[in-house]
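Report on the structure given below.
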Amino acid sequence: MHLKALVCVEIPKPISSVIFEDFLGNEVNLNDYKGKLIIVNFWATWCAPCKEEMPLLDSLYQDNNFKNLKVFAV
């Protein structure tokens, strides 16, 4: 299993203020994570490829080589 559509860039792209709401209703502002590696993954429970990639994203997040990584599943 691998992430076919993962896009990596040499120079980080700046983001503007992007705010999501977590499952508890708390605001999550991506600006609070400046300096970290961020993956924002838009997915759906009915999407087979989405369900297939979630364990891999979890493995990346748990990998000690990526301690600076935050994964947001939206």
Side-chain angles (χ1 to χ4, degrees):
M1 180 168 39
H2 62 281
L3 294 175
K4 296 176 187 173
L6 184 64
V7 176
C8 297
V9 294
E10 292 291 323
I11 300 171
K13 295 182 179 184
I15 57 170
S16 59
S17 180
V18 178
I19 299 172
F20 297 103
E21 187 175 297
D22 70 12
F23 65 94
L24 296 175
N26 301 312
E27 286 189 352
V28 176
N29 188 336
L30 292 185
N31 277 340
D32 294 339
Y33 298 91
K34 284 186 178 181
K36 294 196 177 286
L37 298 170
I38 297 174
I39 295 176
V40 179
N41 185 30
F42 293 89
W43 72 291
T45 57
W46 48 262
C47 171
C50 297
K51 291 193 291 188
E52 183 179 329
E53 72 189 7
M54 292 308 275
L56 183 55
L57 288 172
D58 186 50
S59 294
L60 278 174
Y61 181 72
Q62 300 295 330
D63 189 322
N64 285 332
N65 292 312
F66 296 102
K67 290 184 179 185
N68 200 30
L69 176 67
K70 290 297 288 181
V71 177
F72 296 96
V74 179

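No hydrogens, no waters, no symmetry mates; every other heavy atom, side chains included, goes into these values.
Val28 places none of its side-chain heavy atoms less than 4.5 Å from the side chain of Ile19. Using a 4.5 Å heavy-atom cutoff, the side chains of Val18 and Val40 are not in contact. By the 4.5 Å heavy-atom criterion applied to side chains, Lys70 and Ile39 are not counted as neighbours. The shortest side-chain heavy-atom distance between Trp43 and Val74 does not fall under the 4.5 Å cut-off.
In the hydrophobic cluster analysis, where Ile, Leu, Val, Met, Phe, Trp and Tyr join through side-chain heavy atoms closer than 4.5 angstrom, Phe42 is grouped together with Ile38.
The line from CZ of Phe20 to CG of Asn29 is 10.0 Å long, rounded to the nearest 0.5 Å. The distance from atom CG of Leu37 to atom OH of Tyr61, rounded to the nearest 0.5 Å, is 12.5 Å. From Asp58, atom CG reaches atom CG of Asp63 across 11.0 Å, with rounding to the nearest 0.5 Å. For the atom pair OH (Tyr33) and CG (Leu69), the distance works out to 12.0 Å, reported to the nearest 0.5 Å.
The 12-atom threshold is exceeded at CG of Leu24, counting heavy atoms of other residues, nucleotides or ligands nearer than 6.0 Å.
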Note to self: With side chain to side chain donor-acceptor pair (under 3.5 Å) as the criterion, how do Asn41 and Glu53 come out once you've worked through the C-alpha distance, each side chain's angles and the decisive distance to 0.1 Å?
What the structure shows: CA-CA 10 Å; Asn41 185 30; Glu53 72 189 7; 3.2 Å; yes
